[in-house]
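Data first, discussion second: the structure below is written as structure tokens.
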Amino acid sequence: MALQNKLGINNSAELARVEERISKIKAIELYESNIVEEFEVGKFSGLAKIHKFLFDEIYDFAGKARTVNIAKGNFRFVPVMYLETALKHIDAMPQSTYDEIIEKYVEMNVAHPFREGNGRSTRIWLDLILKKELKLVVDWNKVEKEDYLLAMERSPVKDVEIKVLLKNALTDQIEDREVYMKGIDASYHYEGYNTFKSEDL
Ligand SMILES: Nc1ncnc2c1ncn2[C@@H]1O[C@H](COP(=O)(O)OP(=O)(O)OP(=O)(O)O)[C@@H](O)[C@H]1O
Ligand SMILES: [Mg+2]
């Protein structure tokens with residue numbers, strides 16, 4: 001039932017709970033250490049390091065690009081066979097303006113490079129780009145979770161909603177831990193709103 005994991009948990013609800021707790025603890029650790037400063041900003045390699053840091057105790061695939069096709073709702077993320085090409089393309093995307101950064105974030109979400117934990121790791125990745133390039137971050141406390149999900153579902157077709165939503169939540173409090181931590185909340189998903197292997201649909 002549950003995704004294969006290092007903790008030997010078979011129940012998916014329990015795995016979700018344990019995974020959320022561990023990834024939050026790891027996120028605090030990441031924030032309080034300086035390691036994150038060495039991560040490549042706006043590159044897949046940097047995102048992979050964030051993902052590995054958050055999920056290494058839980059999944060063998062932490063920090064590794066997925067090897068199965070996945071979907072959420074009606075949306076199929078980039079097929080495995082094109083994933084490497086897509087990630088190279090995203091690495092090369094510009095990130096000097098707010099719009100460029102969100103467009104890059106949207107493309108990384110469409111790639112969904114990991115089997116699980118894309119949302120949490122990519123929100124940190126986004127904040128690191130915004131922080132470096134614009135000296136701003138998203139105050140995720142100001143982002144209504146349902147609005148965020150609707151905007152992300154819509155983003156592969158039209159990115160105006162996510163651009164407006166996140167722009168209204170920008171803050172220059174870039175060193176504020178509360179601001180940063182909220183983005184790691186796994187609470188952005190609806191209960192039972194899982195990622196599926198496309199082959200299972
Ligand atoms: N239908 C959809 N189409 C495109 N993107 C989606 C869709 N549904 C969700 N997303 C994006 O996928 C993310 C969730 O991906 P995933 O489950 O791999 O990450 P997570 O860290 O476990 O979850 P969360 O972001 O909910 O904390 C959401 O945050 C959202 O950005
Ligand atoms: Mg998830």
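The residues of the chain are indexed from 1 along the displayed sequence. Bear in mind that the values here come from a model prediction, so they are computed numbers and not experimental data. Ligands are counted one by one from 1 in listed order, and the atoms in each one are counted from 1 as well.
- Counting just the N/O/S atoms of Glu116, the one with the shortest distance to the Mg ion (ligand 2) is named OE1.
- The N/O atoms of Glu153, backbone and side chain alike, include none that comes under 3.5 Å of an N/O atom in ligand 1.
- Annotation for ligand 1: atoms under 4.0 Å from non-hydrogen atoms of His112 are 11 (C), 12 (O), 13 (C), 15 (O), 16 (P), 18 (O).
- In this structure, Arg123 has a heavy atom closer than 4.0 Å to ligand 1.
- Atom NZ of Lys158 has 12 or fewer heavy atoms from other residues, nucleotides or ligands within 6.0 Å.
- Residue contacts with ligand 1 include Phe77, since one of its heavy atoms falls under 4.0 Å from the ligand.
- Only the side chain of Asn109 comes within contact range of ligand 1, with a heavy atom under 4.0 Å; no backbone atom does.
- Proximity of a side-chain donor or acceptor of Lys132 to a complementary backbone N or O of Val41 within less than 3.5 Å is not detected.
- Under 4.0 angstrom from ligand 1, there are no non-hydrogen atoms of Asn74.
- In this structure, Lys131 does not pair ionically with Asp127, as no charged nitrogen and carboxylate oxygen lie closer than 4.0 Å.
- Of the heavy atoms in Tyr148, only side-chain atoms (C-beta onward) come closer than 4.0 Å to ligand 1.
- A tilted orientation is assigned to the rings of Phe55 and Tyr59, their planes being inclined by 30° to 60°.
- In this structure, Trp140 and Tyr148 have perpendicular ring planes: the angle between them is above 60°, well past the 30° mark.
- Of all heavy-atom pairs spanning Asn118 and Ser121, the tightest one is O-OG, 3.3 Å.
- The N/O atoms of Lys72, backbone and side chain alike, include one that comes under 3.5 Å of an N/O atom in ligand 1.
- Between Lys49 and Glu38 no salt bridge is recorded (no basic side-chain N to carboxylate O distance below 4.0 Å).
- Residue Gly119 has at least one N or O atom closer than 3.5 Å to an N or O atom of ligand 1.
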